[in-house]
J.: 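My questions all concern the structure below.
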Amino acid sequence: MLEVDIKKRLSHYDLEVDFSMGDEILVLFGPSGSGKTTILHTIAGLAMPDEGSIKLGDKSFFSGRKDSMSVQARNVGMLFQDYALFPHMTVEQNIQYGIKGKDGNRSFVIDQLQQVLGIHQLSMKYPHQISGGEKQRVALARALASEPSILLLDEPLSALDKQTRIDCQNELIRLHEMWKIPFIIVTHDREEAEKLGDRILFLDHGQIVDEREK
Amino acid sequence: MDYSPLLLSLKVAAISTTVVFISGVFFARVLARKQFFGKSMIEAIFMLPLVLPPTVVGFALLLLFGKHGWIGKWLIDWFDVQIVFTWLGAVIASIVVSFPLMYQSAAAAFNSLDDRLENAARTLGASEWRVFRTISFPLAWPGLLAGLVLSFARGLGEFGATLMLAGYIPGKTDTIPMSIYFAVESGQMEKAAFWVVIIVALGFSTILWLNWWSRRNMQRYTNENRSR
């Protein structure tokens, strides 16, 4: 269970949202500049709210500016826009980067993820040698390999062409069924929001203006 | 022919470059992408040796490291180490004049990094040190190397401040630039010409190598999708 109740002053408006979610896919939908990415960043620990609280299960991520858990300790998986794959590492090294625990566990996790995402043949390639859809899968594998307790996806499909986009949407739904952790997906594409979201929060100028359930 | 100036020059440049590389990378990384009151003041002080006449830098160093200077007196009292008129003076002069080059290259290299890559590493659980070691440093490396090479070349060619601080003592503080100057002054044109050829060859090959290397390195990431 993720509980978010935060306030943050941004340059053009005040971000003020209050929502909670279980192991579902929650979509944050709204025009660019409505505060969607900022919300993801506050959950991940890459940005700090001015006040409020963020809790995941019994872990308190944030309960005041002096009481904020570090990014590293939150165990949050994040998929960045354009994926932010490490350009100087191979696909395999990228996926390995966040794996905890011993080597045996390592190769098992990688193997499974590569199998599930169909990226086995890419192991030794570098990010600039693979396509957009492949990058997206690798980024997903990397985020999931660290066994996160929540996955945040920032415009995960915006850089893909239409067909790849549809494939990846199905992929995300499938992965969510397998992993059973909260997914928060940010998008400004209405069709995508409706296809992916178990629940959609409509954002505008930092406020939740509407909410819809599937 | 006495080759000691070559060895001394290489020793001075190597030590000063090591110090400058570590400190330059450290300060550049700490200050990169941070905005705070006084930052431009600090950076201006860092860059100052680049725009001041070497004699002014040498004068300032004499004040600091001279036998009665703040640091110089302390070093003599506590460690019995003298800076003025020793090869250590040449090292310190090289450090001060080449630091701005290293700092500037490193700051530019770190500022041009995509901060999402570092953030991605953090969300994957990497400590700040691991982020630096595995992401920031390797990705900034082409820029850092450029700074390293420039600093080395600058240290090798340092003359003005070195003359003020270390003086010209044959067998002790006679770096190549120093030898050239005093060979000319005493009419030994052939000796001067020999060292000129050596230092031109060193500088030229350094630049050629750096250009070749950075071109080769550029190709590695150029296909990377960097659009936001």
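Just so it is clear: chains get the letters A, B, ... in the order the sequence lines come, proteins before strands, and each one is counted from 1.
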J.: Within the 4.5 Å heavy-atom criterion, are Ile135(B) and Tyr97(A) side-chain neighbours or not?
T.: yes
J.: Look at atom CZ of Phe19(A) and say whether more than 12 heavy atoms of other residues, nucleotides or ligands are closer to it than 6.0 Å.
T.: yes
J.: Is it true that, when you exclude Phe204(B) itself, more than 12 heavy atoms of the residues, nucleotides or ligands shown sit nearer than 6.0 Å to its CZ?
T.: no
J.: Answer yes or no: does atom CD of Gln129(A) have more than 12 heavy-atom neighbours from other residues, nucleotides or ligands under 6.0 Å?
T.: yes
J.: Take atom CZ in Phe59(B); do more than 12 heavy atoms of anything else shown fall under 6.0 Å from it?
T.: no
J.: Which bit of Val76(A) comes within less than 4.5 Å of chain B, counting heavy atoms only: side chain, backbone, both or neither?
T.: backbone
J.: For Ala143(A), is it the side chain, the backbone, both or neither that has a heavy atom under 4.5 Å from a heavy atom of chain B?
T.: backbone
J.: Surrounding NZ of Lys73(B) (heavy atoms of other residues, nucleotides or ligands, distance under 6.0 Å), is the total greater than 12?
T.: no
J.: Would one find more than 12 heavy atoms of other residues, nucleotides or ligands at under 6.0 Å from atom OH of Tyr13(A)?
T.: yes
J.: Does anything in residues 121-134 of chain B reach chain A? List residues with heavy atoms under 4.5 Å apart, or say none.
T.: Ala121(B), Arg122(B), Thr123(B), Leu124(B), Gly125(B), Ala126(B), Ser127(B), Glu128(B), Arg130(B), Val131(B), Thr134(B)
J.: How about NZ on Lys7(A), more than 12 heavy atoms from neighbouring residues, nucleotides or ligands closer than 6.0 Å, or not?
T.: no
J.: I need the Arg116(B) CZ to Leu85(A) CG distance, nearest 0.5 Å.
T.: 10.5 Å
